[in-house]
Amino acid sequence: MTIYTGRGDEGLTDLRDMSRVSKTSARIEAYGVVDEANSVVGTARPSGYDDLDDWLAAIQNHLHIIQAEFSTPELDADDPQIRTEHIEQLEDWIDAADEQLDPLTAFILPGGGQTGATLHHARSVTRRAERRAVELANNEPINAEAIVYLNRLSDALFVFARLVNARDGVTESSPTY
């Protein structure tokens, strides 16, 4: 199989059902930003921490599921889909990470060590993916659980960034006003 087909040379691309849409459609934008978030998450692995690497690997698979969902205009019951259990898994990971951290008492600036800063970057891209998913949902039916997942994922990535920075001994900075 060749990597290039030429089918997108005129600004159209195929959805999973082989229908053709503009590369500027809300559906393409939504799964494109999810792909970007997935790529940034991938740059945080390996983090040097087995538990976090396991969580991030699972998250990358979940994001791939969302990409498949968003590329499918009409989901069938047997199509890959984000479900409540994926969201609950994220919440469990957030709680486990948060238990290891000092309570947050002020806003913090994104950054820290390399992995912490990368996770903050992934968080901000995930927020954009969530906004694009909401925009898509305003115009076309999608699995609402995918939006909830993206919302929760940005929270998880924030906590994971804090966790890595704490483990690495990197002090969080607060903004000055």
Side-chain angles (χ1 to χ4, degrees), residues 16 26-27 29-108 110 112 115-168 172:
R16 193 161 167 242
R27 185 169 292 281
E29 180 64 18
Y31 81 70
V33 180
V34 172
D35 182 34
E36 185 181 352
N38 200 346
S39 295
V40 178
V41 170
T43 65
R45 289 179 49 222
S47 68
Y49 301 101
D50 290 342
D51 56 349
L52 184 60
D53 288 343
D54 290 344
W55 299 342
L56 294 175
I59 286 166
Q60 285 196 279
N61 281 293
H62 297 165
L63 289 171
H64 195 77
I65 291 169
I66 294 174
Q67 288 174 248
E69 283 189 67
F70 288 176
S71 71
T72 307
E74 295 183 30
L75 290 170
D76 293 327
D78 59 340
D79 285 332
Q81 295 180 47
I82 288 295
R83 303 188 190 288
T84 302
E85 56 263 23
H86 297 111
I87 297 163
E88 291 170 349
Q89 187 174 49
L90 270 180
E91 291 171 348
D92 289 344
W93 295 335
I94 292 168
D95 293 343
D98 202 39
E99 288 175 4
Q100 300 175 52
L101 296 168
D102 292 333
L104 191 61
T105 59
F107 287 109
I108 61 168
T115 301
T118 300
L119 289 167
H120 277 296
H121 182 196
R123 173 195 52 78
S124 65
V125 174
T126 299
R127 285 280 190 217
R128 181 162 29 96
E130 179 188 7
R131 292 190 304 271
R132 297 304 183 267
V134 168
E135 181 180 18
L136 175 60
N138 286 338
N139 299 302
E140 300 183 48
I142 65 167
N143 174 12
E145 298 294 333
I147 294 172
V148 174
Y149 184 90
L150 292 170
N151 181 272
R152 205 69 79 250
L153 177 57
S154 61
D155 296 334
L157 293 169
F158 176 80
V159 174
F160 297 168
R162 291 192 67 223
L163 180 63
V164 166
N165 285 335
R167 288 177 177 178
D168 288 349
E172 296 172 325

From [atom1] ([X]) to [atom2] ([Y]), nearest 0.5 Å:
X    : Y    : atom1 : atom2 : value
T115 : D168 : OG1   : CG    : 6.5 Å
L104 : R162 : CG    : CZ    : 4.5 Å
I65  : F70  : CD1   : CZ    : 12.0 Å
T126 : N38  : OG1   : CG    : 9.0 Å

* Asked: Does a side-chain heavy-atom distance below 4.5 Å link I59 with L63?
  -> yes
* Heavy-atom side-chain proximity of L163 to L119 below 4.5 angstrom -> no
Anything under 3.5 Å between a donor and an acceptor, one on a side chain of residues 51-58, the other on a protein residue two or more places apart or in another chain? List them.
residue	atom	partner	partner atom	Å
D51	OD1	R167	NH1	2.9
D51	OD2	R167	NH2	2.8
D53	OD1	S47	N	2.8
D53	OD1	S47	OG	2.8
D53	OD2	S47	N	3.4

Under the salt bridge (charged side-chain N to carboxylate O under 4.0 Å, His left out) test, residues paired with [X] that sit two or more places apart:
X    : result
R123 : none
E36  : R128
E29  : R132
E145 : none

Over all heavy atoms of both residues, which pair between [X] and [Y] is shortest? Give the atoms and the distance, please.
X    : Y    : value
A161 : G116 : CB-O, 3.5 Å
A133 : I142 : O-CD1, 3.6 Å
I147 : A137 : CD1-CB, 3.7 Å
A166 : L101 : CB-CD2, 3.8 Å
A156 : L90  : CB-CD2, 4.0 Å
A77  : Q81  : O-NE2, 4.0 Å

* **All ring pair (Phe, Tyr, Trp, His ring centres under 6.0 Å) counterparts of H86, not counting sequence neighbours** => H62
* H120: partners by ring pair (Phe, Tyr, Trp, His ring centres under 6.0 Å), with sequence neighbours left out -> F158
* Flag if over 12 foreign heavy atoms under 6.0 Å of CG, N138 -> yes
* Which residue pairs satisfy the salt bridge (Lys or Arg N to Asp or Glu O under 4.0 Å) criterion with at least one member in residues 81-97, sequence neighbours excluded? -> E91-R152
* Listed once per pair and sorted, the salt bridge (Lys or Arg N to Asp or Glu O under 4.0 Å) pairs that draw on residues 37-49, sequence neighbours left out -> none
* To do: Could I get the full list of side-chain contact (heavy atoms from CB on, under 4.5 Å) partners for D76, not counting sequence neighbours?
  => D78, D79
* Structure fact -> Taken in chain and number order and not counting sequence neighbours, the residues that satisfy side chain to side chain donor-acceptor pair (under 3.5 Å) with N143 are E69
* Structure fact -> Sequence neighbours excluded, the answer for side chain to side chain donor-acceptor pair (under 3.5 Å) partners of E74 is none
* Stepwise, does the side-chain contact (heavy atoms from CB on, under 4.5 Å) test hold for R127 with N151? -> CA-CA 7 Å; R127 285 280 190 217; N151 181 272; 3.5 Å; yes
